[in-house]
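Shown next, in structure tokens, is the structure this report addresses.
A, B, ... follow the sequence lines: proteins, then strands. Residue 1 opens every chain. Predicted, not measured: the structure shown is a model, and the values here were computed from it.
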There are 2 protein chains.
Amino acid sequence: MLENDRSRSATHQSYAVLRDRILNGQLPGGTKIVEEKIASELGFSRTPIRESIRKLEYEGLIINKRVVKPTEKDLRNNFQMRILLEGYAAQCAASFLPEQDLQALYECVEIGRKGTNEEIMDANERFHEIIVRASNNAVMIDTIDRMQSLIYLFRKTVVLNQRPHLIDEHEQIYEAIKARNGEKAADLMKSHLQADLDFCLHIIG
Amino acid sequence: MLENDRSRSATHQSYAVLRDRILNGQLPGGTKIVEEKIASELGFSRTPIRESIRKLEYEGLIINKRVVKPTEKDLRNNFQMRILLEGYAAQCAASFLPEQDLQALYECVEIGRKGTNEEIMDANERFHEIIVRASNNAVMIDTIDRMQSLIYLFRKTVVLNQRPHLIDEHEQIYEAIKARNGEKAADLMKSHLQADLDFCLHIIG
DNA sequence: TTTATTAAAAATGTATACAAAAATTAAAAA
DNA sequence: TTTTTAATTTTTGTATACATTTTTAATAAA
């Protein structure tokens, strides 16, 4: 389902392009971002470019007019946040997640077992998203959403390197939620994320 | 110590003025924000005004070109986040807070007992800020910082209405941190915030 | 009345020009 | 050489004009 980007605003288009280039490595960490350069390259004026750069700054992808180069500490900080927030969200999910979402959660597990790399990454993201939404807390959803870009840079590593047990852990979490065991779901989510963190640290270390 | 605002950028000045007007009620919830109107009123062009409005949108003070009118649910959501994050931060503080900050924490308690309303509000904010910083997690500090404006709108209520035990609770938290008892500090912080929430709900209900 | 339709206006989005500030380079002094 | 200073260039900040979209108001049809 291709969206016609010409119908979106220049700000939105340039934001999407820049974000994409940062996330896929075309604009590697440390790259200097110059408004005029980007503007003429994308065929817009500086005005919408400025605005999309600000957006990326709020998202943490650009700092001081340079593409962010996340450190090991950034990695730890992001995961510590996720452990707190998604642990709570998993607990909520156990209490409140509707049958339909439970189904969707299980489908993510299945895709995790037999999908392509691309599909697995999407399913992984969706799995966490469904649970986060179960928190029913817009501030939380927003916060994690904003952290998503940074997280993505790392999660790519995890999935591309096929961390062992990743999908098994998802399935266990799914089972705990299905059994409506909030405490167990939260604990499993926390150790799942801790394992993700450890694996990332191991890979990049 | 007055800062010369003429030396700051138009964007920064207009941001500061708008934020202030929203927080002190001059621009009440629901007010329509029109770029041109604000621009001519403050004597700037639309360009810097646009940028400061975006900033306030990211902070959650403006939604859909209107000043936010926080609901009871917003209140609950914000406090739920704080309970998770500041609970963790209190635990960190018990482990890592340097002697000097401990001192500063105690001063906040003292001011809470014998300061003016204005001073008490500042001290209250500082008390929480010191603890949040002890998390040593930039993502967390940033997140809470962004939530600060919304929180402020409510915290004003709490302090102006003189919630009973507020300072006693602060002192207990301080004692637990001083005793380096992380688990107790976290628990006390959580119930402190829960009490704040309950009081706010009681006032506005 | 109520609901559609259309005209007017108001407000936002974008481009462009110029001013101010920051970064870079070149020249002079140590 | 190295360091300072000044000149130059680059980049960002701001104002303004115009285009596009959204909102509002007015009119006509149901």
Side-chain angles (χ1 to χ4, degrees), chain A residues 1-22 26-69 142 145-146 149, chain B residues 1-22 26-69 142 145-146 149:
Chain A
M1 196 185 300
L2 282 172
E3 225 180 86
N4 182 0
D5 246 22
R6 267 158 305 182
S7 65
R8 303 299 226 101
S9 69
T11 301
H12 183 277
Q13 282 180 64
S14 57
Y15 164 76
V17 171
L18 281 179
R19 185 173 190 275
D20 213 60
R21 291 194 183 171
I22 292 172
Q26 264 181 278
L27 288 173
T31 307
K32 185 88 194 284
I33 297 291
V34 176
E35 295 172 6
E36 181 55 41
K37 195 156 151 275
I38 305 276
S40 61
E41 197 181 323
L42 301 190
F44 297 116
S45 79
R46 271 179 56 215
T47 312
I49 300 296
R50 270 178 83 79
E51 208 162 305
S52 51
I53 289 176
R54 290 287 175 276
K55 233 173 155 176
L56 292 164
E57 284 174 344
Y58 285 113
E59 234 174 294
L61 286 181
I62 293 180
I63 297 177
N64 268 334
K65 340 222 130 168
R66 283 179 190 282
V67 175
V68 72
K69 197 187 283 186
D142 244 54
D145 213 57
R146 214 176 299 118
S149 322
Chain B
M1 197 182 301
L2 283 172
E3 223 179 90
N4 182 359
D5 244 21
R6 268 159 303 185
S7 65
R8 302 300 227 100
S9 69
T11 301
H12 183 277
Q13 282 180 65
S14 57
Y15 164 77
V17 170
L18 281 179
R19 184 172 190 275
D20 213 59
R21 290 194 183 170
I22 293 172
Q26 264 181 278
L27 289 172
T31 307
K32 185 89 193 284
I33 297 292
V34 176
E35 295 173 6
E36 181 54 41
K37 194 157 152 275
I38 306 276
S40 63
E41 197 181 323
L42 300 191
F44 298 116
S45 79
R46 270 179 57 215
T47 311
I49 300 295
R50 270 179 82 78
E51 208 162 307
S52 51
I53 289 176
R54 291 287 177 273
K55 236 174 153 173
L56 292 164
E57 285 174 343
Y58 286 113
E59 234 175 294
L61 287 180
I62 294 180
I63 297 176
N64 268 334
K65 349 230 118 149
R66 281 179 191 282
V67 175
V68 72
K69 196 187 284 184
D142 243 54
D145 213 58
R146 231 193 309 257
S149 321

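Applying the ring pair (Phe, Tyr, Trp, His ring centres under 6.0 Å) test to A:Y58 and every residue at least two apart in sequence or in another chain returns B:Y58. Every residue meeting the side chain to side chain donor-acceptor pair (under 3.5 Å) condition with A:S149, not counting sequence neighbours, appears here in chain and number order: A:R19, A:E59. In this structure, B:R66 has no side chain to side chain donor-acceptor pair (under 3.5 Å) partners at least two apart in sequence or on a different chain. The side-chain contact (heavy atoms from CB on, under 4.5 Å) check on B:S40 picks up B:E36, with sequence neighbours excluded. Residues forming a side-chain contact (heavy atoms from CB on, under 4.5 Å) with B:V67 (at least two apart in sequence, or on another chain): B:I22, B:L27, B:T31, B:I33. Scanning for side chain to side chain donor-acceptor pair (under 3.5 Å) contacts around B:R146 gives an empty result, with sequence neighbours left out.
For the pair B:R8 CZ and D:dT14 P, the interatomic distance rounds to 12 Å; values are reported in whole Å. Atom C1' of nucleotide D:dG13 and atom CD of B:Q13 are separated by 13 Å, given to the nearest angstrom. Rounded to an integer number of Å, the gap from CG of A:N64 to C1' of C:dA23 is 14 Å. Taking atom CD1 on A:I38 and atom P on D:dT10, their separation rounds to 17 Å, with Å as the unit. Rounded to a whole Å, the CD atom of A:E51 is 7 Å from the P atom of C:dT14. Nucleotide D:dA15 holds its C1' atom 15 Å from the CG atom of B:L42, rounded to whole Å.
Between A:T11 and A:E51 the shortest heavy-atom distance is CG2-CB, 3.9 Å.
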Per-residue pairing states of DNA chain C in dot-bracket (Watson-Crick or G-U under 3.5 Å; . unpaired, | other strand) read ||||||||||||||||||||||||||||||
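Each ring pair (Phe, Tyr, Trp, His ring centres under 6.0 Å) pair with one or both residues in residues 30-55 of chain B, not counting sequence neighbours, would appear here, but there are none.
A close approach under 4.0 Å does not occur between any side-chain nitrogen or oxygen of A:T11 and OP1 or OP2 of C:dG13. Not one side-chain nitrogen or oxygen of B:T47 sits closer than 4.0 Å to the OP1 or OP2 atom of D:dT14.
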Review item, nucleotides 9-12 of chain C N/O atoms under 3.5 Å of protein N/O:
| unit_1 | atom_1 | unit_2 | atom_2 | d |
| --- | --- | --- | --- | --- |
| C:dT12 | OP2 | B:E35 | N | 3.2 |

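The line from CD1 of B:I49 to CG of B:L18 is 6.0 Å long, rounded to the nearest 0.5 Å.
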